[in-house]
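Bear in mind the structure is a predicted one, so any value in this text is a computation, not a measurement.
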Amino acid sequence: MMIPKKLKHRKHHRGHTKGKAMAGNEIAFGAYALKAYENSWITARQIEAARRAMTRYIQRGGKVWIRVFSDKPVTVHGNESPMGGGKGAVDHFVAVVKRGKILFEMDGVPLELAKEAMRLASYKLPIKTKFITKND
């Protein structure tokens with residue numbers, strides 16, 4: 001799983017997920033990509049599950065780029081704990097994804113193989129996505 005090696009601040013504010021992606025919204029490396037069509041948090045586990053689904057389907061051929069990184073810590077308080085006592089401990093990490101952001105890119109495989117691999121990966125994610133190509 002992808003987590004940051006070092007953090008400037010151990011616990012973050014939750015923030016908001018409004019708006020659309022201003023950066024990372026165009027294909028930069030590969031010929032095919034999976035683009036987010038909703039705003040959401042995507043956990044490190046979901047990113048890893050999608051990556052595994054893609055690389056398994058293309059049988060480790062071609063190249064896959066992951067364009068999102070889970071660098072936001074999410075804290076959780078223990079069950080049935082009373083009010084007060086401060087903010088909970090860091091539980092997991094998420095990537096903040098806004099609509100229009102490119103999540104994954106792929107190259108070195110035929111179009112149909114890439115399309116099916118991205119479809120399998122999209123099932124692992126909690127948001128609506130779309131398969132796009134470089135010439136779109």
Side-chain angles (χ1 to χ4, degrees):
M1 263 191 315
M2 298 189 313
I3 61 168
K5 288 185 181 128
K6 193 172 144 188
L7 289 171
K8 186 170 185 179
H9 301 288
R10 201 162 45 96
K11 298 174 182 178
H12 282 204
H13 290 282
R14 294 178 69 85
H16 64 83
T17 56
K18 290 187 256 184
K20 59 183 182 181
M22 302 313 265
N25 53 0
E26 305 217 348
I27 297 178
F29 305 106
Y32 317 110
L34 195 65
K35 190 174 200 172
Y37 266 52
E38 290 178 342
N39 298 335
S40 180
W41 283 355
I42 297 183
T43 66
R45 287 173 181 263
Q46 290 164 343
I47 295 168
E48 178 63 14
R51 185 198 65 79
R52 279 187 180 180
M54 276 191 300
T55 52
R56 253 193 210 134
Y57 189 78
I58 61 173
Q59 297 172 347
R60 297 198 317 270
K63 180 136 176 65
V64 175
W65 289 270
I66 304 169
R67 296 283 305 275
V68 290
F69 183 74
S70 49
D71 58 349
K72 182 183 186 80
V74 175
T75 59
V76 172
H77 243 338
N79 288 342
E80 298 181 15
S81 60
M83 296 294 280
K87 195 169 166 95
V90 173
D91 185 52
H92 60 279
F93 287 85
V94 296
V96 178
V97 173
K98 298 195 173 192
R99 65 187 158 89
K101 176 86 170 160
I102 300 291
L103 304 173
F104 299 99
E105 290 187 30
M106 190 182 291
D107 205 356
V109 292
L111 173 69
E112 292 306 316
L113 198 66
K115 204 170 200 172
E116 182 63 18
M118 295 281 193
R119 185 183 65 83
L120 293 172
S122 72
Y123 288 152
K124 307 292 182 186
L125 301 172
I127 57 174
K128 288 180 187 167
T129 57
K130 187 177 181 186
F131 176 80
I132 59 170
T133 59
K134 186 92 170 178
N135 22 344
D136 282 350

Quick check: closest heavy atoms across Ala36 and Ile127, and the distance to 0.1 Å? CB-CD1, 3.6 Å
So how far is it from [X] [atom1] to [Y] [atom2], rounded to the nearest 0.5 Å?
X      : Y      : atom1 : atom2 : value
Asp71  : Lys8   : CG    : NZ    : 13.5 Å
Met54  : Ser122 : CE    : OG    : 10.0 Å
Ile42  : Leu125 : CD1   : CG    : 5.0 Å
Met106 : Thr55  : CE    : OG1   : 8.5 Å
Leu34  : Arg67  : CG    : CZ    : 12.0 Å
Asp107 : Lys63  : CG    : NZ    : 10.0 Å

Linked, directly or transitively: [X] and [Y] (ILVMFWY side chains, under 4.5 Å):
X     : Y      : result
Tyr57 : Leu111 : yes
Ile66 : Val109 : yes
Ile27 : Ile58  : no

Decide yes or no for [X] and [Y]: does some side-chain heavy atom of the first lie under 4.5 Å from some side-chain heavy atom of the second?
X     : Y      : value
Phe69 : Pro4   : yes
Tyr32 : Leu113 : no
Val68 : Ile47  : yes

Residues 85-104, side-chain donor-acceptor partners within the protein, below 3.5 Å, at least two apart:
residue	atom	partner	partner atom	Å
Lys87	NZ	His12	O	3.2
Lys98	NZ	Lys18	O	2.9

Less than 4.0 Å between a side-chain N and a carboxylate O, is that true for Arg51 and Glu48? yes
Enclosure of [X] [atom1] (heavy-atom neighbours >12, cutoff 6.0 Å):
X      : atom1 : answer
Lys11  : NZ    : yes
Lys134 : NZ    : yes
Glu38  : CD    : yes

Do any N or O atoms from the side chain of Lys72 and from the backbone of Arg14 form a donor-acceptor pair under 3.5 angstrom? yes
Give a yes or no answer on whether the side chain of Ser70 reaches the backbone of Met2 with a donor-acceptor pair at less than 3.5 Å.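 Confirmed, Ser70 side chain pairs with Met2 backbone.
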Only counting residues at least two apart or in another chain, list the ones meeting side chain to side chain donor-acceptor pair (under 3.5 Å) with Glu116.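 Checked Glu116 against side chain to side chain donor-acceptor pair (under 3.5 Å); matches are Arg119.
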